[in-house]
Amino acid sequence: MMRGMKRCAYLVMDDPGDYVTDYHLSFDAMAELGWQVACVPWRNPSHDWSQYDAVYICTPWDYPDDPSRFLETLTAIEASRAKLVNPLELVRWSLAKTYLRDLAERGGAVIPSLWFEHFDPGEVGGWFEYFDSGRVVIKPQVGTNSQHQFVLESPVSNEVISEVQRVYRERPFFVQPFIKNIQNDGEYSLFFLGGQNSHATRRIPEQGDFRSQEEHGAEVLTITASAEQIDAAERLLALVDPQPTYVRVDLVRDDDGSYLLMELELIEPSLYLRTDKESSRRFAHAFDRAVFG
């Protein structure tokens, strides 16, 4: 590949709607390294990916609506001359939340989970007993932005059971104990670019809510990650192979104060570039090294 003008496609949605995005903040930093960036909707079926040197999986946040088509697009990119960042191998592994089960089996500090392919109302009571918790959370195995999540309190009403059954009749899901610290302490997100901790945020849900996304009213605070948080994140990342160019490690504190993994965002994390003035430059350099070495 020529080291003159380098071409990169950012995979985006056809319509971002109400999503908060800031990937444009990386354009200048990418340009300084010779990159010409084009934003391309991931649902474009006839795009010529070989015209690019690399493709960044940027904000295709509606992919859970059609994960098979999403993988088809990424497979086409992988088969072209363009380098997919992060690689397809990591995307396939982390597309379904079962990667959390893999990490737990490798010794990772992950929120304990139960895994199901279909919803059976008769099993609900056992979830509370298994986790010794009065509240549990149901999440889809493929999903983003807290969509289709339920917090259940024991005992669960028939009305709620019916609603959960409607959503998960044919949708694989998993169940976790509700970590109460998420509501007041929030979720800690550590961003690693090129293997190095770049910046960090703390996201506190709106009062009475548990969702940590801005779209749901959460407050986003810029923080300096503690040594304990960085250590917890690095221990989890050491279990991942191949290593990602970019990743967001979302941690929550358990009742005993230890950090547990909520999500390891390897596909299309919001990188919150606006929260750290140097993060765009770090991203651009990590991306450039991933493509050209």
Side-chain angles (χ1 to χ4, degrees), residues 1-13 16 19-40 42 49 51-61 77 82-87 90-91 94 187-203 212-214 218-227 229-234 236-238 240 242-251 263-293:
M1 295 182 183
M2 301 295 295
R3 291 304 303 264
M5 179 57 71
K6 298 168 284 192
R7 302 194 67 195
C8 175
Y10 279 28
L11 288 187
V12 299
M13 293 173 286
Y19 283 109
V20 178
T21 64
D22 62 8
Y23 57 82
H24 65 282
L25 297 177
S26 68
F27 291 173
D28 287 346
M30 291 286 282
E32 289 176 3
L33 297 179
W35 284 98
Q36 182 183 51
V37 173
C39 295
V40 182
W42 71 269
W49 301 109
Q51 65 182 297
Y52 304 104
D53 296 294
V55 177
Y56 163 45
I57 308 172
C58 185
T59 58
W61 293 336
I77 296 169
K83 181 164 185 174
L84 185 66
V85 184
N86 283 319
L90 277 181
V91 175
S94 60
E187 181 176 302
Y188 296 87
S189 294
L190 278 66
F191 303 84
F192 286 76
L193 303 173
Q196 301 297 316
N197 178 232
S198 168
H199 55 294
T201 62
R202 178 185 175 196
R203 294 179 291 156
S212 58
Q213 294 83 14
E214 293 164 282
E219 180 183 10
V220 179
L221 304 175
T222 301
I223 64 169
T224 299
S226 68
Q229 291 166 345
I230 293 173
D231 180 67
E234 288 180 339
L236 289 159
L237 289 175
V240 178
Q243 284 291 294
T245 298
Y246 57 87
V247 60
R248 192 181 82 214
V249 185
D250 293 338
L251 303 171
E263 293 276 2
L264 194 62
E265 298 283 4
L266 289 159
I267 302 176
E268 30 60 75
S270 173
L271 295 177
Y272 287 86
L273 300 178
R274 62 195 176 279
T275 66
D276 184 287
K277 64 180 181 180
E278 293 297 317
S279 60
S280 292
R281 180 186 58 81
R282 296 189 197 106
F283 169 80
H285 280 272
F287 188 90
D288 191 69
R289 288 194 301 269
V291 178
F292 290 109

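We use all heavy atoms of the structure for the numbers below, so side chains are in, but hydrogens, waters and symmetry mates are not. Keep in mind that what you see is a predicted model, and the values were worked out from it rather than measured.
Atom CD in Glu263 sits 8.0 Å away from atom CD in Glu187 (nearest 0.5 Å). If you take CD on Glu268 and OH on Tyr56, they are separated by 9.0 Å, rounding to the nearest 0.5 Å. Atom OG1 of Thr201 is separated from atom CG of Leu221 by 8.5 Å, given to the nearest 0.5 angstrom. Considering CG of Leu190 and CD1 of Ile230, their distance stands at 6.0 Å, rounded to 0.5 Å. Note: Arg202 CZ to Gln229 CD = 9.5 Å, rounded to the nearest 0.5 Å. To the nearest 0.5 Å, atom CG of residue Leu25 and atom OG of residue Ser280 are 5.0 Å apart.
In this structure the side chain of Val247 never reaches within 4.5 angstrom of the side chain of Val240, judged on heavy atoms. Residues Leu264 and Leu237 form a side-chain contact, since some pair of their non-hydrogen atoms from C-beta on lies under 4.5 Å apart.
Between Tyr23 and Phe283, the distance from one ring center to the other does not fall under 6.0 angstrom. Between Phe292 and Trp35, the distance separating the two ring centers is shorter than 6.0 angstrom.
Judged by distance alone, with hydrogens and angles left aside, the side-chain atoms of Tyr52 form no donor-acceptor pair with the main-chain N or O of Lys6 at under 3.5 Å. Checking side-chain atoms of Tyr188 against main-chain N and O of Ala200 turns up no donor-acceptor pair under 3.5 Å. Remark: the backbone N or O of Phe191 is paired with a side-chain donor or acceptor of Asn197 at under 3.5 angstrom. Within the 3.5 Å criterion, the main-chain N or O of Ser279 finds a donor-acceptor partner in the side chain of Asp276. Here the side chain of Lys83 pairs a donor or acceptor atom with the backbone of Ala290 at under 3.5 angstrom. In terms of modelled atom types and a separation under 3.5 Å, the side chain of Arg248 and the main chain of Pro269 share no donor-acceptor contact. Remark: the backbone N or O of Leu271 is paired with a side-chain donor or acceptor of His199 at under 3.5 angstrom. Remark: side-chain polar atoms of Asn86 are not paired, donor with acceptor, to backbone N or O of Pro244 under 3.5 angstrom.
Between Val55 and Ala82, the shortest heavy-atom contact is CG2-CB, 4.0 Å. The two atoms that bring Cys58 and Pro60 nearest to each other are C-CD, 3.4 Å, heavy atoms only. Of all heavy-atom pairs spanning Asp53 and Met5, the tightest one is OD2-O, 4.3 Å. The two residues Ala286 and Gly194 come nearest to each other via the heavy atoms CB-N, 3.5 Å.
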TODO: Go through the steps to decide whether Ile77 and Leu11 satisfy the test side-chain contact (heavy atoms from CB on, under 4.5 Å), and finish with yes or no.
DONE: CA-CA 11 Å; Ile77 296 169; Leu11 288 187; 4.0 Å; yes
- [ ] Could you walk me through whether Trp61 and Thr21 pass the side-chain contact (heavy atoms from CB on, under 4.5 Å) test, one step at a time?
- [x] CA-CA 11 Å; Trp61 293 336; Thr21 64; 3.8 Å; yes
- [ ] Kindly indicate, with the supporting measurements, whether the criterion side-chain contact (heavy atoms from CB on, under 4.5 Å) is fulfilled by Tyr272 and Val220.
- [x] CA-CA 9 Å; Tyr272 287 86; Val220 179; 3.9 Å; yes
- [ ] Give the intermediate values and the outcome of side-chain contact (heavy atoms from CB on, under 4.5 Å) for residues Ser26 and Tyr10.
- [x] CA-CA 11 Å; Ser26 68; Tyr10 279 28; 2.8 Å; yes
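More than 12 heavy atoms of other shown residues, nucleotides or ligands fall within 6.0 angstrom of atom CG in Asp231.
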